[in-house]
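As structure tokens, the structure follows; a few thoughts come after it.
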Amino acid sequence: MQFTEQQQDKLNKVQLDDSWKTSLSDFLLSQKMDNLREFLQQEILAQKTIYPPSKQIFNAFNTTPLNNVKVVILGQDPYHGPNQANGLSFSVQRGVALPPSLRNIFHELHTDLAVPISRHGDLSKWAAQGVLLLNSVLTVAAGQPTSHQKQGWEDFTDAVIDTLNEQRERVVFILWGAYAQRKGQRIDRNKHLVLTAAHPSPLSANRGGFFGCKVFSKTNDYLKQHGIEPIDWQLDA
């Protein structure tokens, strides 16, 4: 794909893995992306703290290049507390207390595959193996959950899902909760495996439908059936 000098300059400013940058170039060069960039700049000018830090906004993509994606775990927004968000859905920086949803995820993983429960919540090891930890919205203002919704990120991550849907095969999509499941309606079930369950947040999980969903073993079973290396879900001690 050939770009004009102006387009190439704009793409060069996006701190995004080249495999994703090429596939998402239409969106990155669109008016929607310009509007999103303008919104973020206005938030900064208003002296708002934005999470995750700017260098980690595209962490999920830079850790999991397009051709490495085996699994997608779809979240909604980054954590909005200090030092929590690291650009990977459901993940937190080491040394930060585990959020309730992540504690429930680890509990289900332990029940499903007898994986020891990690003391830290940094899911980078999963991402490095091909688990795209994708939030629908990639930024948030400190202390203001959902504050960056409907500013363009949802369109960007729709483009991400469309790219995976069209360019890859046999990807496992893990969709927890109604929000993720609505966003996942665009996925071709004939090419990919879609696993759904209740959201791991305490309110949803305790109502039923999350504990016992066994998405981790189902994911690995599917990958092995298709000759794909399964995920080692155990995190560092």
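Quick caveat: nothing in here was measured; it's all calculated off a predicted structure. For the single chain, residues carry numbers from 1 onward in sequence order.
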**OP:** Return yes if a side-chain donor-acceptor contact under 3.5 Å exists between N35 and Q31, otherwise no.
**Re:** yes
Original post:
Hey, what do you get for CG (L164) to CG (L66), rounding to the nearest 0.5 Å?
Top reply: 6.0 Å
**OP:** Any chance you could lay out the side-chain contact (heavy atoms from CB on, under 4.5 Å) test for F58 and L138, step after step, and finish with the verdict?
**Re:** CA-CA 8 Å; F58 292 119; L138 300 191; 3.8 Å; yes
Subject >> Closest contact, heavy atoms only, S91 versus G121 >> reply: OG-O, 3.2 Å
Original post:
Checking K70 side chain against E229 main chain: does a donor-acceptor pair fall under 3.5 Å?
Top reply: yes
Subject >> Atom of Q181, atom of A197 and distance for their closest heavy-atom approach >> reply: NE2-O, 2.9 Å
Subject >> Donor on one side chain, acceptor on other, N68 and T64, under 3.5 Å >> reply: no
Original post:
Are D112 and K218 within salt-bridge range, i.e. N to O under 4.0 Å?
Top reply: no
Subject >> Where A141 and E43 come nearest, the two heavy atoms and their spacing >> reply: CB-OE1, 4.1 Å
Original post:
When the ring planes of W153 and F156 are compared, do they come out parallel, tilted or perpendicular, using 30° and 60° as the limits?
Top reply: perpendicular
Original post:
In terms of hydrophobic clustering (I, L, V, M, F, W, Y; side-chain heavy atoms under 4.5 Å; direct or indirect links), are F211 and I117 co-clustered?
Top reply: yes
**OP:** Would you tell me whether Q8 and N12 have side-chain atoms, one donor and one acceptor, within less than 3.5 Å of each other?
**Re:** yes
Original post:
Is there a path of hydrophobic side-chain contacts, each under 4.5 Å between heavy atoms of I, L, V, M, F, W or Y residues, that connects L74 with V171?
Top reply: yes
Subject >> Closest contact, heavy atoms only, S101 versus H199 >> reply: OG-CE1, 3.8 Å
Original post:
Which pair of non-hydrogen atoms, one from P200 and one from A205, has the smallest distance, and what is that distance?
Top reply: O-CB, 3.8 Å
Subject >> Non-hydrogen side-chain atoms of P202 and N104 separated by less than 4.5 Å >> reply: yes
**OP:** Kindly assign one of parallel, tilted or perpendicular to the pair F39 and H148, based on the angle between their ring planes and the thresholds 30° and 60°.
**Re:** perpendicular
Subject >> L195 vs F216 side-chain heavy atoms within contact, under 4.5 Å >> reply: no
Subject >> Qualifying residue, where the test is side-chain contact (heavy atoms from CB on, under 4.5 Å) with F106 and the options are L235, V115, T111 >> reply: L235
**OP:** State whether the side chain of K224 and the backbone N or O of P230 hold a donor-acceptor pair below 3.5 Å, judged by distance alone.
**Re:** no
**OP:** Assess the side chains of D77 and Q149: does a donor N or O sit below 3.5 Å from an acceptor N or O?
**Re:** yes
**OP:** Assess the pair Y222 and H226: is the distance between their ring centroids shorter than 6.0 Å?
**Re:** yes
Subject >> Within-4.5 Å side-chain heavy-atom neighbours: W126 and L88 >> reply: no
Subject >> Pairwise side-chain contact, K183 with L175, heavy-atom cut-off 4.5 Å (strictly under) >> reply: no
Original post:
Would you say the side chain of F27 lies within less than 4.5 Å of the side chain of D162, judging by non-hydrogen atoms?
Top reply: no
**OP:** For D158, look at atom CG and say whether over 12 heavy atoms of other residues, nucleotides or ligands are found less than 6.0 Å away.
**Re:** yes
Original post:
Do the side chains of L134 and V140 join up, straight or via other hydrophobic residues, at under 4.5 Å, putting them in one cluster?
Top reply: no
Subject >> Inter-residue atom distance L203.CG - R207.CZ, 0.5 Å rounding >> reply: 4.0 Å
Original post:
Going hydrophobic residue to hydrophobic residue with side-chain gaps under 4.5 angstrom, can you get from Y51 over to L123?
Top reply: no
Original post:
Atom CZ of R103 and atom OG of S118: how far apart are they, to the nearest 0.5 Å?
Top reply: 13.0 Å
Original post:
Checking side-chain contact (heavy atoms from CB on, under 4.5 Å) against I161, which of R186, Q185, E166 comes through?
Top reply: R186
**OP:** For residues Q41 and E38, determine if any side-chain heavy atom of one lies less than 4.5 Å from a side-chain heavy atom of the other.
**Re:** yes
Original post:
So do the side chains of N220 and I231 get within less than 4.5 Å of each other, counting heavy atoms only?
Top reply: yes
**OP:** Output, in order, the C-alpha distance, side-chain angles, deciding distance and verdict of side-chain contact (heavy atoms from CB on, under 4.5 Å) for I174 and V131.
**Re:** CA-CA 10 Å; I174 297 175; V131 182; over 6 Å; no
Original post:
Between OG of S147 and NZ of K48, what distance do you get to the nearest 0.5 Å?
Top reply: 7.0 Å
Original post:
Given the rule in the side-chain contact (heavy atoms from CB on, under 4.5 Å) test, do F173 and N165 qualify, once you have shown the distances and angles that lead to the verdict?
Top reply: CA-CA 10 Å; F173 289 84; N165 201 26; 5.7 Å; no
Subject >> Within-4.5 Å side-chain heavy-atom neighbours: Q56 and Q93 >> reply: yes
**OP:** Could you grab the distance from atom CG of L113 to atom NZ of K214, nearest 0.5 Å is fine?
**Re:** 8.0 Å
Original post:
Given the side-chain rings of W176 and F90, with only the six-membered ring counted for Trp, is the space between their centroids under 6.0 Å?
Top reply: yes
Original post:
Do the side chain of Q129 and the main chain of D232 share a donor and acceptor less than 3.5 angstrom apart?
Top reply: yes
Subject >> Check against side-chain contact (heavy atoms from CB on, under 4.5 Å), I105 and F210 >> reply: CA-CA 9 Å; I105 290 170; F210 176 74; 4.1 Å; yes
Original post:
Counting only heavy atoms not in K10, do more than 12 fall under 6.0 Å of its NZ?
Top reply: yes
Original post:
Atom CG in N86, atom CG in L133: separation rounded to 0.5 Å?
Top reply: 9.0 Å
Subject >> Nearest non-hydrogen partners of S89 and N135, listed with the distance >> reply: CB-OD1, 3.4 Å
